[in-house]
Structure formats: structure tokens, C-alpha cells
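Basis for what follows: all heavy atoms, side chains included, without hydrogens, waters or symmetry-related copies. Proteins come first, then strands; the chains are lettered A, B, ... in the order of their sequence lines, and each starts at number 1.
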Amino acid sequence: MSAAMDTESTYSGYSHYSGHSKKAHRQGSRDRHKSPRSKDGSRSEKSVTIQTPPAEPLLGNDASRAEEGQDDNWGETTTAITGTSEHSISQEDIARISKDLEDSIGLDCKRYLGLTVAAVLGLLVFLTPIAFILLPQILWREDLEPCGTVCEGLFISVAFKLLILLIGTWALFFRQPKADLPRVFVFRALLLVLIFLFVFSYWLFYGVRILDSKDTNYQGIVQYAVSLVDALLFIHYLAIVLLELRQLQPTFTVKVVRSTDGESRYYSLGHLSIQRAALVVLENYYRDFTVYNPALLTASKSRAAKHMAGLKVYNVDGPGNNASGQSRAMIAAAARRRDSSHNELYYEEADHERRVKKRRARLVVAVEEAFTHIKRLQAEEQQKAPGEMMDPREAAQAIFPSMARALQKYLRTTRQQQYHSMESILQHLSFCITNNMTPKAFLERYLNPGPTLQYDRDRWFSKQWTLISEEAVTSGLQDGVVFVLKCLDFSLVVNVKKIPFIKLSEEFIDPKSHKFVLRLQSETSV
Amino acid sequence: AGTGGAGTAFVPGQPVTAVVQRIEIHKLRQGDNLILGFSIGGGIDQDPTQNPFSEDKTDKGIYVTRVTQGGPAEVAGLQIGDKIMQVNGWDMTMVTHDQARKRLTKRNEEVVRLLVTRQSLQKAVQQSMMS
């Protein structure tokens, strides 16, 4: 790593940088963590890839300044490596990788600890009834009273109940964790403690009353084991109710607003803790909200900058620095100023609308025309004319050039050009051709921005989330709770409201009671 | 005299009080018909909420909805929006629309004497009482 830090890297352009650093990051991360990352396929918390172009070369300003002064001798005296090669990494990549390392180690430890505890406890609990039944046989077989069909029946029932318990536990608990939450699940911990206490008390009783005194009533012992298995099945039922069923009935309506552009959605939730509610909100965020596009925010930012730059305050009367007086003076002056920025906004937006509609019309026409150049060959025709047959990919490549320009112009106007690379467009086109889609179906993906899941992961801008909350995150949702889900570029503000208690009363209407009269309004001249 | 705001609507159990004006209309012969030169609306079989002239929208009385220019009614002083209380002694506050028409268009009567009321009458009486 130290050798890499010594290399000077100059960047020959924005696209150059992003392409290379992405590759370097991927290479680096693949080499460095294979094992801890094996479970992370679906984890949604890779650290974000910062895509802002560098304002200056990473390692020092002197290099650039020195270069500008020595333009003639540049070729002979300076050694510069343009971009980052496959085997060297920039400082940003190093920072990102070290952050990854510490994150992954910390969290994995905690999660593995929880999992191992639960697994050990589960195994212990599962083997306990078997141990209860087998231990007397092993230890004092000769003294045991013989017990015929009754015991055999009990053995069968124990076996099947254990099997059902095993299947139920597998179905309920052995699922790949889809998220990593900041605090432990209260209900799960409670259940584990309950099971532990329960089994412990059974073992205690068993040890004192049966093992110590070498009880000879084998049927009683087997029935004791059966009662343990029954109780375990009931605990399993309790687990289902607490962990799965309780939150199904909707009790709260949650409003989620994105801080950058105000896009909002409502969801219905049941009784959940704040961290689990945050999880549900995030899962729905990727599906319901349109993708975050920083390019769309530049207009409002420039307007805000203009507002700020409009007025300056000069203190004429003396050196006293009255900050609040100054700001109040600025606000008053801004209110009095007759600016026409609303006019500007209106015309700009109308113009933009018109331009988008025009480009869209051109695009639709171009795509429709392009699609008419292709015809699907039926099976019989495929044998007859083997001449110019193409597979979908080639067909897509053949018709792409005629619509490429119109599509590119449209994407540029709606500021979506970064979300679709040429490769992805070609892939989508061949997919549509294969599935007999119409031009409109092909265009559906480009005409409007879609949900975040539709795009490449590198373009998401939202992979690592922080939950900010005033109440403890394991406490349940209440009416009026507000929490914020923050990622690097924007945040989601979540507001919880209780669904009101609905008082529904009944009214009976006799079907024969529907009667009508005409509304008369005559006017007669006399 | 009636109190202001009481209107001329029908209150069950109470006598109807109103300030009325006597209007005597001489019918005009036009061909085979005798016409009076105005139109009526309202009646107990009609919808009172659609009456634009009534003060109280539950009033099912007979109202003058149009007065032809230069006709016998205008000459006699009938105004649009007047409520007809009596025609030749017959009550018009509780009649159907058709009954009202019949009472006004009897072929053997050449003169009809109406008792009509309007809101301006009420106000004029009030003012004169106060002054």
C-alpha cells in the first residue's frame, strides 16, 4: 500500500477518473476481503462511491503549479501517470477500503455472535428431550420398570413433534438476514432468554428429581420429556405471534418525504420497533421512489445563490457589529426589492416543458421507425432463408444507430444521460426485441425516471443509511414519532401517524323505501 | 301590520298576516281569449326552492314571474315578484298551480281584483310607523 501512496496520479478528465477508480476499487476489494464478504450478496450497505470530479490532483498542489510553470520542458522532466492503473490506488480508494474494513469487521462480529448463541441454544434445546429419554436407559437400565405400548406410543409422538418443531424453526428463523440493524431485536432476545430459562428449569428439575434419585418409573420420565416438547411447540407458537403476526395488522400510517425534492409516499405499518419500521421504509424506498438525480437540483441551487448574492450590508455608523440587525435589514430589503425571479422561473419551466415534449415526439417517431426495420422469422422461414439471420443482439446493434441520436438528445434534456450507458441501452433493446415488445414498451424505461432498483448499483447514491432518532430505536412506533434516514446526499424524513379509531355503525334501508317525485316548476301565462 | 322579516310564508297554526295592495286588472280581449298580461309560478304542488322571488324558500304561494310590457297587468300596477294572496275573494296562498290558473282565467269575468303583497310594501309600512 505504501508504494501506491507514492505514485502521483493526474487525472485527464471526469469520465476517465470514474471509470478507472471504479475498476480499482472493485479489484482491491475483491482481493482483500473474500471471506467476510461471502454473505454480503444482498447487503445494502456498501459504502458509497463518491463520483464528484476532483477539483485538483489528490497529492498536493505543488505538482500542478510546477507543471504550469514548466510548459516547454514538460515532456522531459515530469513523470506523470495519467489516471490510476489497475494496480495502484488513489488516496480516496484507500480511505474507502479502510472504512470498509473497520465497518465489516465490527458488524460481522456482532452478527456472528448473535447467530452462534442462537444456534448453540437451539441445538441444546433440540437435544434435551432426547437426552431426557436416553439418560435413564444408559445409566440405570436394569432398575427401570418395563413399559410397553404406552412408551412406544410416546416415543413416536416425541419423534414427530420434534420433527415438526425442527421444520417450524427452520421455516421461521433460518432465513438469510436481509439487513443489518443497529440494535438487537428486543423480541428475539426475549424469546431466547425465555427458552433458556425454560429449558434450564426443566434440566434442574430433571437433575434433582430423576437423576439423583434414580427414579424407576420410566413412563413418567418419558411423559416428562413429552411435556417438554409440547411446551417447546407452544413457545414456537408464541414466537410466531410475537415476531410475525403482531405487526401484520396495520396500525400506523407513515409518511416518507425525501429531503431534496419533496417526493413523498405513505405506507401502512403495524406495531413495529423504529428500526424495523425504518427497514420497511427503506425496502419500499428502492421500489417506489424515483431515483435520486442530483442533476435536477442545480436549478433551485442557482436560484438560491442568486438570492443570497443580491444584497450586501455596509455598516456606515461605526464599528459595532450587530449581526442580527444586519440580517433583519437584509430580509427587509429583500422583501421590498421588486425582483422578477418568479417570472424567470415560469418562463424557464414552460420552455423546458416545450423542449422536452418536442424531443420526446422526435424520439418516439425515430424508435417506431427503427422497429419497423426488423421482422421476426418464424420457424419454417428460418430453414428457408438462412441468409441474413441475426440474433437479438445483432438485430439491436443494427437498428440502434437510427435512434441513438434522438435518444441521446432526449436523455440529455431530461438530465438522465448518466443513468443509461450505451451498453445498457443495447441490452435493453435486444431484450425488448426478444420479447416482442412494441416501441412504446421499449421507451417506457427512458421516458420517465424509474425507481432506484431499475438502475445500475453504481448510480444509486444511496447505499449506506444512518437512522437518526430521538427515541430509542428499539422502542415501538407511536403517534407523532419522527425519525430521519440519512445517507450521504439526502435524507428521508419519516413521520408516523396513528390510524384513527373507526366507529362504524349500521343502518338498514328497506329496498321498498326508495321513492321519488318530480320537481315541478311550471310557469303559466294568464 | 306585519313585523319585518316575518315574511308571508305559511306558519302552521298561525294566521298569515301581510301588507297587501289592491290591484284591479281589466282583462284585454285578444281574439277568442281574455288575457291579463302576466305569468304566474308556484303552487302547493310545485317545488318552492326554485322560486327566485320568494323570501322564504318554503313559501308555496303564487308569484308573478313575468309582466308583459304594456299589458293590462302592468297598467294596473302589478310588478314582477309580487305574491298573489287573493283573486276576487278566493284565497291563493294554498292552491295548486292549476287551480290558480283557473281562478285567474274564468271566461265570464272581465275584471279581476287581486290582493298582492311585496317586500317593499312591508318596509314602507315599517318606515312610516317609525317616523
For A:E244, does the CD atom sit with more than 12 other heavy atoms under 6.0 Å from it, leaving out its own atoms?
-> yes

Tell me, yes or no, whether the heavy-atom count around A:R359 atom CZ, taken from other residues, nucleotides or ligands under 6.0 Å, exceeds 12.
-> yes

Is there any N or O donor on one of chain A and chain B with an acceptor on the other under 3.5 Å, and could you list each such pair with its distance?
{"residue": "A:R519", "atom": "NE", "partner": "B:D47", "partner atom": "OD2", "Å": "2.8"}
{"residue": "A:R519", "atom": "NH2", "partner": "B:D47", "partner atom": "OD2", "Å": "2.7"}
{"residue": "A:R519", "atom": "NH2", "partner": "B:T49", "partner atom": "OG1", "Å": "3.0"}
{"residue": "A:L520", "atom": "O", "partner": "B:D47", "partner atom": "N", "Å": "3.0"}
{"residue": "A:Q521", "atom": "N", "partner": "B:Q46", "partner atom": "OE1", "Å": "3.3"}
{"residue": "A:S522", "atom": "N", "partner": "B:Q46", "partner atom": "OE1", "Å": "2.7"}
{"residue": "A:S522", "atom": "OG", "partner": "B:Q46", "partner atom": "OE1", "Å": "3.2"}
{"residue": "A:S522", "atom": "OG", "partner": "B:Q46", "partner atom": "NE2", "Å": "3.4"}
{"residue": "A:E523", "atom": "OE2", "partner": "B:T65", "partner atom": "OG1", "Å": "2.8"}
{"residue": "A:E523", "atom": "OE2", "partner": "B:R66", "partner atom": "NE", "Å": "3.3"}
{"residue": "A:E523", "atom": "OE2", "partner": "B:R66", "partner atom": "NH2", "Å": "3.4"}
{"residue": "A:T524", "atom": "N", "partner": "B:I40", "partner atom": "O", "Å": "3.0"}
{"residue": "A:T524", "atom": "O", "partner": "B:I40", "partner atom": "N", "Å": "2.7"}
{"residue": "A:T524", "atom": "OG1", "partner": "B:H97", "partner atom": "NE2", "Å": "2.4"}
{"residue": "A:V526", "atom": "N", "partner": "B:F38", "partner atom": "O", "Å": "2.8"}
{"residue": "A:V526", "atom": "O", "partner": "B:L36", "partner atom": "N", "Å": "3.3"}
{"residue": "A:V526", "atom": "O", "partner": "B:G37", "partner atom": "N", "Å": "3.1"}

Anything under 3.5 Å between a donor and an acceptor, one on a side chain of residues 497-512 of chain A, the other on a protein residue two or more places apart or in another chain? List them.
{"residue": "A:D510", "atom": "OD1", "partner": "A:K512", "partner atom": "N", "Å": "3.3"}

Counting only heavy atoms closer than 4.5 Å, note whether B:L104 contacts chain A via side chain, backbone, both or neither.
-> side chain

